[in-house]
Amino acid sequence: MKNLKTAFITGATSGFGEACAKTFAENGWNLVITGRRHDRLTSLKEELEMQFGNEVTTLCFDVRNQEEVNEAIDKLKEKADLSIDLLINNAGLAVGRGPIQDGLTDDWERMIDTNIKGLLYMTKAIAPFMIAQRKGHIINISSIAGKEVYPGGNVYCASKFAVDALSKSMRIDLVEFGIKVTNIAPGAAETEFSLVRFKGDEETAKNVYNGFEPLSAEDIAETIYFVATRPAHVTINDLTIMPTAQASSTVFHKK
Ligand code: NDP
Ligand code: 8X3
């Protein structure tokens with residue numbers, strides 16, 4: 001039997017977000033999938049609708065632009081019957097991995113605007129749906145980089161520490177409305193993350209995962225699905241998930 005819940009996933013055009021879209025669709029959820037790459041959103045929608053028969057809505061926008069965020073959500077409000085049960089605040093990125101003294105302002109702004117401000121704009125736009133329903137779940141994707149800093153992590157780590165703090169704070173603000181808030185902190189996972197971080201340098205991106213088995217996007221999607229499907233009275237507040245070969249943000253057991 002179909003589960004008629006709706007998950008709203010930011011950053012569904014690759015990595016964790018795309019894997020979540022597939023996992024939730026397979027389990028009968030309707031989806032709102034978002035990202036900036038229109039072609040990827042369209043082909044994912046076609047694939048999921050054909051395979052699982054779910055309703056998949058695509059919204060193409062940049063989470064850094066509050067006007068674009070609000071316009072996209074206004075489009076959703078035109079669907080009178082829409083309820084959003086789950087928001088996965090996943091869209092995010094790292095750009096660069098150098099010491100603070102060599103950092104590029106543009107890279108810093110991309111990380112802060114996407115990882116912190118984008119998450120805030122999305123939450124501000126979607127929380128009213130959940131408050132009206134007196135239920136809902138917001139899952140924020142932080143990182144092990146939001147628990148421990150590492151050399152060259154500076155602004156990316158700060159942005160993910162901010163996500164960790166916002167998760168704690170949002171949980172307090174939203175508890176009276178029955179809204180769950182979960183913070184997920186993954187270690188190294190092989191997605192397009194490192195390709196973006198190293199600005200398209202495929203060799204450097206690949207080297208990040210040499211000598212150990214990283215997490216996959218599917219590992220994260222499976223975990224998020226578990227978190228999202230606990231009974232109504234149970235919330236997983238915070239979850240750190242690491243490759244077995246990674247003990248901390250800097251300690252890896254490599255072959
Ligand atoms: P990917 O690069 O594979 O996916 C990132 C997603 O974010 C893409 O769908 C991208 O879509 C979207 N995105 C980025 N910037 C924007 C923007 N300005 N507006 C809208 N969407 C945007 O990386 P991951 O799947 O690995 O990363 C997902 C999240 O997980 C990020 O928040 C990342 O920081 C976090 N994370 C990743 C880890 C890893 O090792 N991979 C570990 C811990 C946390 P598009 O380009 O189409 O806009
Ligand atoms: C991504 C994991 O350790 O490269 O958040 O920062 S790490």
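Counting convention: from 1, in listed order, for ligands and their atoms alike.
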Would you mind running through ligand 2 and noting each atom that sits below 4.0 Å from a heavy atom of Y156?
-> 1 (C), 5 (O), 6 (O)

If we number the atoms of ligand 2 from 1 as shown, the ones under 4.0 Å from a heavy atom of A145 are 6 (O)

For H137, which of T235, D85, T182, T229 qualifies under side chain to side chain donor-acceptor pair (under 3.5 Å)?
-> T182

Side-chain donor-acceptor pair under 3.5 Å between [X] and [Y], yes or no?
X: N30; Y: N54; answer: no
X: T57; Y: K79; answer: yes
X: N207; Y: N210; answer: yes
X: N89; Y: T123; answer: yes
X: S194; Y: Y209; answer: yes

Of C20, C60, G17, G92, the residue with the heavy atom nearest atom 5 (C) of ligand 1 is G92

With respect to atom 4 (O) of ligand 2, which of M242, R97, R197, K147 exhibits the smallest heavy-atom separation?
-> R197

Part of V63 within contact of ligand 1 (heavy atoms, under 4.0 Å) = both

For ligand 1, note which part of K160 has a heavy atom under 4.0 Å away: side chain, backbone, both or neither.
-> side chain

Do any N/O atoms on [X] end up under 3.5 angstrom from N/O atoms on ligand 1?
X: Y209; value: no
X: G35; value: no
X: S143; value: no
X: A189; value: yes
X: P186; value: no

Please determine whether a side-chain nitrogen of the Lys or Arg among [X] and [Y] lies less than 4.0 Å from a carboxylate oxygen of the Asp or Glu.
X: K199; Y: D107; result: yes
X: K5; Y: E55; result: no
X: K75; Y: E68; result: no

Considering only the protein, which heavy-atom contact is closest to [atom], and what is its distance?
atom: atom 2 (C) of ligand 2; answer: S143 OG, 3.6 Å
atom: atom 26 (O) of ligand 1; answer: T191 OG1, 2.6 Å
atom: atom 13 (N) of ligand 1; answer: A91 CB, 3.9 Å
atom: atom 15 (N) of ligand 1; answer: R36 NH2, 3.2 Å
atom: atom 35 (C) of ligand 1; answer: I141 CG2, 3.8 Å
atom: atom 7 (S) of ligand 2; answer: Y150 OH, 3.6 Å
atom: atom 12 (C) of ligand 1; answer: G11 CA, 3.6 Å
atom: atom 42 (C) of ligand 1; answer: G187 O, 3.2 Å
atom: atom 28 (C) of ligand 1; answer: N90 OD1, 3.1 Å
atom: atom 38 (C) of ligand 1; answer: F16 CZ, 3.6 Å

Heavy atoms of other groups near K206 NZ, more than 12 under 6.0 Å | no

Of all the atoms in ligand 1, which lie at a distance below 4.0 Å from a heavy atom belonging to [X]?
X: S142; answer: 43 (C), 44 (C)
X: F61; answer: 19 (N), 20 (C)
X: A188; answer: 40 (O)
X: G15; answer: 3 (O), 25 (O)
X: A12; answer: 9 (O)

Lys/Arg cation over aromatic Y121: K124, 6.0 Å, 45° cone | no

Apply salt bridge (Lys or Arg N to Asp or Glu O under 4.0 Å) to the pair K45 and E49, showing each step before the final yes or no.
-> CA-CA 6 Å; K45 171 184 165 73; E49 285 184 341; 3.0 Å; yes

For salt bridge (Lys or Arg N to Asp or Glu O under 4.0 Å), just list the numbers for R37 and E18, CA-CA rounded to whole Å, side-chain angles, deciding distance to a tenth of an Å, and then say yes or no.
-> CA-CA 12 Å; R37 286 171 286 182; E18 182 183 2; over 6 Å; no

Report the part of K160 (side chain from C-beta onward, or backbone N, CA, C, O) that has a heavy atom under 4.0 Å from ligand 2; answer both or neither where that applies.
-> neither

Result for ring pair (Phe, Tyr, Trp, His ring centres under 6.0 Å) between F193 and one of F198, Y156, F16 points to Y156

Sort out for me which residue in F52, F24, F8 forms a ring pair (Phe, Tyr, Trp, His ring centres under 6.0 Å) with W29.
-> F24

Full working for salt bridge (Lys or Arg N to Asp or Glu O under 4.0 Å) between D164 and K168 = CA-CA 7 Å; D164 191 276; K168 289 180 181 132; 2.9 Å; yes

